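Have a look at the structure below, then the notes.
Only a predicted model underlies this, so the values are computations on that prediction, with no experimental measurement involved. First listed ligand is number 1; within each ligand, the first listed atom is number 1.
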Amino acid sequence: MPDTDTKAAAPNTHLAPYAAKGLKGRILSGVQPTGNLHLGNYLGAIRNFARLQDDYECLYCVVDMHAITVWQDPAALSSQTREIAAAFLASGVDGRKHAVFNQSAVPEHAQLAWVFNCVARLGWMNRMTQFKEKAGKDRENASLGLYAYPALMAADILIYKATHVPVGEDQKQHLELTRDIAIKFNNDFHTPDFFPVTEPLIFGAATRVMSLRDGTKKMSKSDPSDYSRINLTDDADAIAQKIRRAKTDPLPMPDTAADAEKRPDADNLLGIYAALADQEKDAVIAAFAGKQFSEFKAALTDLAVAKLGPVGAEMQRLMKDPGYVDSVLNEGAAKARAIAAPILADVYKTVGFLKP
Ligand code: TRP
């Protein structure tokens with residue numbers, strides 16, 4: 001019987017080759033092409049991608065195979081896949097130096113995912129909160145792919161032996177599962193150092209961007225009100241209107257962090273300001289303490305337009321040039337496959353698959 005609870009191998013052996021090149025490791029991250037990108041996606045994930053590219057070797061993947069775990073219109077899926085790639089590039093990711101690609105273009109993800117389906121235990125999968133949320137009450141009608149989703153995510157990461165993954169709060173459990181799968185595979189096959197035990201990279205506190213209409217709910221693409229979110233492709237007028245209409249309360253701006261915490265709508269706007277300005281929230285609270293919301297909102301609008309405007313405009317420009325985006329995706333997939341193929345070959349050999 002394979003055992004499951006031996007200690008994890010230290011990731012150091014996996015870091016050494018990068019250290020020799022002056023790098024901290026290899027990053028893999030993924031974003032689903034399931035609808036319009038908003039400020040929450042940008043501040044929570046995509047903006048950080050460019051910030052990592054000098055210190056890590058980076059692979060940024062549009063996870064189209066994860067997207068179809070729930071129904072996607074095929075034409076929409078294709079254009080949304082390009083849109084996410086465009087967002088990576090518009091946010092400053094260097095698609096020529098690093099790999100920007102779509103998951104389905106690198107078949108090794110799916111091949112490793114099958115092996116991981118046989119490593120992961122039903123008990124582990126049953127604990128996944130994202131499945132419970134997405135499947136909702138009608139669990140019997142959820143796709144098998146939605147259930148297996150985290151094993152595919154583990155394969156996304158480990159097919160490159162990625163040492164680090166930038167994750168938001170909501171993906172921590174999936175990364176924990178990835179670590180469990182790596183450890184179990186290493187133990188079961190007596191290959192102690194084969195897969196690294198991937199480390200999460202968590203970014204600043206302001207990654208929790210809430211709805212502009214309700215500071216207690218996450219900003220979401222599925223909220224029926226477009227005023228609840230700032231989309232990455234919104235122009236300056238739309239950004240200004242949405243911030244003007246953002247929910248606040250009748251009091252002046254909070255003057256302490258404790259005061260802000262009790263006022264979720266104000267707290268959310270302050271957090272957005274701090275993230276966009278790359279400042280500590282406490283500093284922003286101090287700067288606007290006791291002022292009127294109108295004054296703060298005007299400053300937030302200027303800041304948001306200055307920071308997001310160029311990203312949105314570049315995305316729009318790239319979306320009009322699908323040939324270019326496809327060429328980046330193509331090149332990225334080739335780069336990714338060159339890393340993935342030998343790792344998959346090692347896995348297949350380790351598992352005992354014949355290669356006649
Ligand atoms: N599950 C992630 C999300 O919904 C997307 C994802 C898929 C991912 N594969 C990944 C994120 C690998 C990081 C690494 O946001």
Side-chain angles (χ1 to χ4, degrees), residues 25-49 52 56-70 72 77 80-81 83-85 87-88 93 98-106 108-113 116-117 120 125 128-135 143 145-182 195-203 207-209 218-222 332-333 336 339-340 343:
R26 178 182 283 159
I27 295 239
L28 175 292
S29 197
V31 174
Q32 291 198 59
T34 47
N36 288 341
L37 282 172
H38 55 67
L39 186 63
N41 309 122
Y42 180 67
L43 293 178
I46 297 173
R47 177 176 75 154
N48 303 317
F49 290 0
L52 295 164
Y56 296 85
E57 181 189 320
C58 301
L59 297 130
Y60 294 129
C61 182
V62 187
V63 289
D64 48 6
M65 290 163 63
H66 276 115
I68 64 161
T69 56
V70 297
Q72 300 296 328
L77 181 65
Q80 283 161 10
T81 298
E83 184 171 326
I84 303 286
F88 292 172
V93 170
H98 297 279
V100 171
F101 61 102
N102 58 311
Q103 188 184 28
S104 62
V106 182
E108 285 81 2
H109 289 238
Q111 290 172 293
L112 182 60
F116 284 173
N117 284 345
M125 308 309 279
M128 295 295 116
T129 54
Q130 183 171 298
F131 174 75
K132 289 180 203 164
E133 276 161 28
K134 285 202 180 179
S143 73
L146 188 66
Y147 190 65
Y149 179 117
L152 176 60
M153 178 162 159
D156 296 339
I157 296 165
L158 294 173
I159 193 62
Y160 305 106
K161 298 189 178 179
T163 57
H164 296 83
V165 175
V167 279
E169 200 59 34
D170 64 325
Q171 293 300 312
K172 268 165 116 181
Q173 193 185 34
H174 286 161
L175 194 66
E176 210 39 63
L177 184 92
T178 301
R179 292 159 63 93
D180 289 342
I181 289 177
F195 284 123
V197 180
T198 307
E199 299 288 338
L201 284 176
I202 313 266
F203 281 89
T207 50
R208 271 178 76 75
V209 178
K218 250 177 93 166
M219 185 176 283
S220 158
K221 61 169 189 283
S222 49
I339 301 171
I343 293 175

**Request:** Output the list of atoms in ligand 1 that are nearer than 4.0 Å to some heavy atom of Asp156, sorted by atom number.
**Result:** 7 (C), 9 (N), 10 (C)

**Complete:** If we number the atoms of ligand 1 from 1 as shown, the ones under 4.0 Å from a heavy atom of Tyr149 are 1 (N), 2 (C), 3 (C), 4 (O), 5 (C)

**Message:** Would you say that Val31 contacts Phe49 through its side chain, given a criterion of any heavy-atom pair below 4.5 Å between the two side chains?
**Reply:** yes

**Message:** Taking 4.0 angstrom as the limit and counting only heavy atoms of Gln32, give me the atoms of ligand 1 inside it, by number and element.
**Reply:** 4 (O)

**Asked** Which protein heavy atom lies closest to atom 10 (C) of ligand 1, and at what distance to 0.1 Å?
**Response** Met153 CG, 3.5 Å

**Request:** Go through ligand 1 atom by atom and flag the ones less than 4.0 Å from a non-hydrogen atom of His66.
**Result:** 7 (C), 9 (N)

**Message:** Just so I know, are the side chains of Leu28 and Tyr60 near enough to count as touching, which here means a heavy-atom distance under 4.5 Å?
**Reply:** no

**Message:** Please determine whether the number of non-hydrogen atoms from other residues, nucleotides or ligands lying under 6.0 Å from atom NZ of Lys218 exceeds 12.
**Reply:** no

**Message:** With nothing but distance in play, are any N or O atoms of Ser29 less than 3.5 Å from an N or O of ligand 1?
**Reply:** no

**Message:** Could you tell me, atom by atom, which parts of ligand 1 come under 4.0 Å of a heavy atom of Val63?
**Reply:** 7 (C), 9 (N)

**Asked** Taking only heavy atoms of Leu28, which atoms of ligand 1 are found under 4.0 Å from at least one of them?
**Response** 12 (C), 14 (C)

**Asked** Do the rings of Tyr56 and His164 sit parallel, tilted or perpendicular, given the 30° and 60° boundaries?
**Response** perpendicular

**Request:** Distance to 0.1 Å, residue and atom name: give those for the protein heavy atom nearest to atom 5 (C) of ligand 1.
**Result:** Gly30 O, 3.5 Å

**Asked** When you measure from the side chain of Thr198 to the backbone N and O of Ala162, does any donor-acceptor pair fall under 3.5 Å?
**Response** yes

**Asked** Quick one: CG on Asn117 to OH on Tyr147, what's the gap to the nearest 0.5 Å?
**Response** 10.5 Å

**Prompt:** Would you call Val165 and Gln171 a side-chain contact if the rule is heavy atoms closer than 4.5 Å?
**Reply:** no

**Message:** As an exercise, identify every atom of ligand 1 less than 4.0 angstrom from a heavy atom of Val165.
**Reply:** 13 (C), 14 (C)

